[in-house]
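The structure displayed is predicted, hence computed values, not measured ones.
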Amino acid sequence: SQQGEEDPQALSIQEGENATMNCSYKTSINNLQWYRQNSGRGLVHLILIRSNEREKHSGRLRVTLDTSKKSSSLLITASRAADTASYFCATDPGGGYGKLTFGQGTILTVHP
Amino acid sequence: GAGVSQSPSNKVTEKGKDVELRCDPISGHTALYWYRQSLGQGLEFLIYFQGNSAPDKSGLPSDRFSAERTGGSVSTLTIQRTQQEDSAVYLCASSLATRTEAFFGQGTRLTVV
């Protein structure tokens, strides 16, 4: 079963608007990661946030983590048509040895 | 190499045949993952190798699926007696260690006809 669940499943916005995607998970984590996928092939890592962090920024990306609610959000500011892609969260569980488990993803469409 | 390399990029096979999918991870990466992605779906975990530890095979969907990693580097995913439901993109990823980002290959698109 998938650890992370993203919502919404699909998001359609205009260029320049902000896009927010959410991820919920069930078990404790060591870190949570966000990835982007274009055209259904390889994924590209965007950002990693550790369980003792609450917020992280990278360029136009802002990720928050609330371990009490077992949830994370990815905010893309000032979106561009080139941001059109699928976005996945992946959880790295506490304990064990770090198996990454992915959610179903959010399909983001940014209209020019 | 510069990134994770998977071969072949595309594979069409007849139902009942065996297939082998290859993954060359980034040199020095100790962790290697295999995932499967059906059209429009999320990533389904298949198997995870970490250093010399026993692999986590908990995601393999049936005993027709197996994987090995030789010398801590190249990995091969083998599917025996392929079925139409095996059609998907098979993605390989590697990471330098646990708790770090994973780097993905471009995947192998398997079509069973």
Inter- and intrachain pairs under salt bridge (charged side-chain N to carboxylate O under 4.0 Å, His left out), touching residues 7-22 of chain A, at least two apart: none
Pairwise salt bridge (charged side-chain N to carboxylate O under 4.0 Å, His left out) hits with a residue in residues 58-79 of chain B, at least two apart: Arg64(B)-Asp86(B)
Drop me the distance from [X]'s [atom1] to [Y]'s [atom2], to the nearest 0.5 angstrom.
X         : Y        : atom1 : atom2 : answer
Gln37(B)  : Ser86(A) : CD    : OG    : 7.5 Å
Glu101(B) : Asn31(A) : CD    : CG    : 10.5 Å
Gln37(A)  : Leu43(B) : CD    : CG    : 6.5 Å

Where Phe104(B) and Leu43(A) come nearest, the two heavy atoms and their spacing: CB-O, 3.4 Å
Cluster check Ile107(A), Met21(A): I/L/V/M/F/W/Y, side chain < 4.5 angstrom: no
Pick from Gly107(B), Ala102(B), Gly105(B) with the largest number of heavy-atom pairs that fall under 4.5 Å of chain A: Ala102(B)
For Val44(A), all residues meeting side-chain contact (heavy atoms from CB on, under 4.5 Å), sequence neighbours excluded: none
Contacts of residues 45-61 of chain A with chain B (heavy atom under 4.5 Å): His45(A), Leu48(A), Arg50(A)
Interchain contact, Tyr35(B) with chain A, by part (heavy-atom threshold 4.5 Å): side chain
Distance under 6.0 Å and angle within 45° of ring axis: Lys99(A) vs Tyr33(B): no
